[in-house]
Amino acid sequence: MVLDQDVLTVLKLLMIGESNVGKSSILLRFTEDEFHENMQSTVGMDYRTKQVTIDGNTVKLAIWVSHFNDTAGQERFRTLTPSYYRDGQGAILVYDVTDRVTFMKLETWLNELNTYCNKTDIIKMVVGNKIDLPNREVSTEEGLQFARRHQTLYIESSAKTADGIKCCFEELVQKIIQTPGLWDR
Ligand code: GDP
């Protein structure tokens, strides 16, 4: 399928997951090809755009990162949740492969996503980040099993080394483009 290129299609992507798993770092690596060892997360939301061409289709990605669950921002930003999720075409659920708690919390994030978005209207990608670190707590097989059980895409990444970052966005966007009714609604 080739999109109508007269008007640039904008795809809204959401990044969710526990604090410190690397959501902002993944976004920064993807959009600016940078990594900051001591990343200071914005309280509330990060937003960046990037134009990509995938399978001959040029689309503009509008990517949002929520920091709703950060202690400092919790109360103040919680009320933004429904509008944050509204009209998202893709969701990236991030956990840290060196922190099992962040993996166990994925289910909660998925439930929240399903509360605000129609299950079939959003493509989901689970990302196991920080694979460059030696102290791994969650195996690839466990990540894959979770993804299979919840019918999501799956990839492992490192925002530090850039492994898997480009693939993550490309595969997600490819799936959105291939899913009838998602990109042009
Ligand atoms: P967020 O709260 O989920 O947005 O997480 P951040 O992007 O702010 O990252 C939290 C911390 O983890 C920062 O100190 C980052 O430098 C670090 N970090 C993020 N991604 C990676 C990664 O892939 N590998 C390593 N080693 N550190 C990472």
Side-chain angles (χ1 to χ4, degrees), residues 11-50 52 61-81 83-85 88 90-113 116-117 122-144 146-147 150 152-173:
L11 297 181
K12 180 178 175 180
L13 307 183
L14 314 169
M15 299 185 70
I16 54 180
E18 293 299 290
S19 292
N20 280 318
V21 294
K23 300 181 295 297
S24 293
S25 299
I26 290 172
L27 183 56
L28 190 66
R29 172 59 83 189
F30 179 61
T31 55
E32 309 295 330
D33 203 15
E34 282 176 22
F35 176 75
H36 299 167
E37 204 71 59
N38 294 308
M39 186 86 168
Q40 294 291 318
S41 289
T42 327
V43 174
M45 278 190 269
D46 269 353
Y47 169 79
R48 286 172 191 271
T49 61
K50 188 173 168 89
V52 292
L61 305 181
I63 313 163
W64 296 81
V65 178
S66 81
H67 294 285
F68 295 135
N69 66 331
D70 292 3
T71 322
Q74 198 162 14
E75 293 308 319
R76 225 173 113 209
F77 291 98
R78 198 73 215 169
T79 51
L80 292 178
T81 302
S83 55
Y84 173 73
Y85 284 107
I92 300 174
L93 293 103
V94 186
Y95 71 97
D96 173 351
V97 297
T98 71
D99 181 350
R100 179 163 289 277
V101 174
T102 66
F103 179 64
M104 285 157 62
K105 287 279 179 75
L106 277 187
E107 198 103 29
T108 311
W109 283 104
L110 206 53
N111 286 342
E112 178 162 311
L113 188 64
Y116 293 108
C117 302
I122 188 160
I123 305 294
K124 293 161 205 140
M125 162 78 84
V126 169
V127 179
N129 189 43
K130 304 200 188 182
I131 54 168
D132 59 285
L133 292 175
N135 50 325
R136 186 164 179 140
E137 289 185 359
V138 185
S139 70
T140 301
E141 191 46 41
E142 286 175 285
L144 275 169
F146 180 91
H150 295 284
T152 73
L153 301 168
Y154 181 75
I155 206 161
E156 295 191 342
S157 72
S158 166
K160 185 168 181 172
T161 65
D163 273 342
I165 303 293
K166 207 161 161 252
C167 281
C168 161
F169 288 91
E170 281 178 359
E171 283 182 27
L172 181 63
V173 171

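Every number for a ligand or one of its atoms is a count from 1 in the order of the listing.
Interface of S158 with ligand 1, defined as ligand atoms under 4.0 Å from a residue heavy atom, comprises 23 (O). Heavy-atom contacts of F35 reach the following atoms of ligand 1: 16 (O), 18 (N), 19 (C), 20 (N), 21 (C), 27 (N), 28 (C) (cutoff under 4.0 Å). Less than 4.0 angstrom separates some heavy atom of S24 from each of these atoms of ligand 1: 4 (O), 7 (O). Every atom of ligand 1 is numbered from 1 in the order shown, and the set under 4.0 Å from a heavy atom of K160 is 22 (C), 23 (O), 24 (N), 26 (N). With ligand atoms numbered from 1 in the order given, ligand 1 contributes 26 (N) to contacts under 4.0 Å with heavy atoms of L133. Ligand 1 places these atoms under 4.0 Å from at least one heavy atom of E37: 13 (C), 14 (O), 15 (C), 16 (O). Near A159, meaning under 4.0 Å from one of its heavy atoms, ligand 1 places the atoms 20 (N), 22 (C), 23 (O). Short contacts between ligand 1 and K23, defined as distances under 4.0 Å to a heavy atom of the residue, involve ligand atoms 1 (P), 2 (O), 3 (O), 4 (O), 5 (O), 7 (O).
The cationic atom of K50 (NZ for Lys, CZ for Arg) does not lie both less than 6.0 Å from the six-membered ring centre of F169 and within 45° of the ring axis.
At a heavy-atom distance under 4.0 Å, no atom of I131 approaches ligand 1. Only the side chain of D132 comes within 4.0 Å of ligand 1, judged by heavy-atom distances. By the criterion of a heavy-atom distance under 4.0 Å, the side chain of N129, and not its backbone, is placed next to ligand 1.
We find the CD1-CG distance between I165 and L28 to be 10.5 Å, quoted to the nearest 0.5 Å. Expressed to the nearest 0.5 Å, how far CG of L27 lies from OG1 of T49 amounts to 9.5 Å.
Look at E37 and K160 and you find a salt bridge, because one of the NZ, NE, NH1 or NH2 atoms lies within 4.0 Å of a carboxylate O, short of that distance.
In terms of polar-atom proximity, defined here as any N/O pair under 3.5 Å, V65 makes no such contact with ligand 1. The N/O atoms of H36, backbone and side chain alike, include one that comes under 3.5 Å of an N/O atom in ligand 1.
Residues V94 and I92 form a side-chain contact, since some pair of their non-hydrogen atoms from C-beta on lies under 4.5 Å apart. Taking the side chain as every heavy atom from C-beta outward, Y116 and L14 never approach each other to under 4.5 Å.
The aromatic rings of F103 and Y95 are tilted relative to each other, their planes meeting at an angle between 30° and 60°.
Looking at K124, its side chain never comes within 3.5 Å of a backbone N or O of L93 through a donor-acceptor pair. Here the side chain of D46 pairs no donor or acceptor atom with the backbone of V65 at under 3.5 angstrom.
Using a 4.0 angstrom heavy-atom cutoff, E18 counts as in contact with ligand 1.
For the residues E156, K130, R29, the heavy atom positioned nearest atom 18 (N) of ligand 1 is part of K130.
Looking only at atom types and distance, the side chain of D132 has no donor-acceptor partner in the side chain of T161 under 3.5 Å away.
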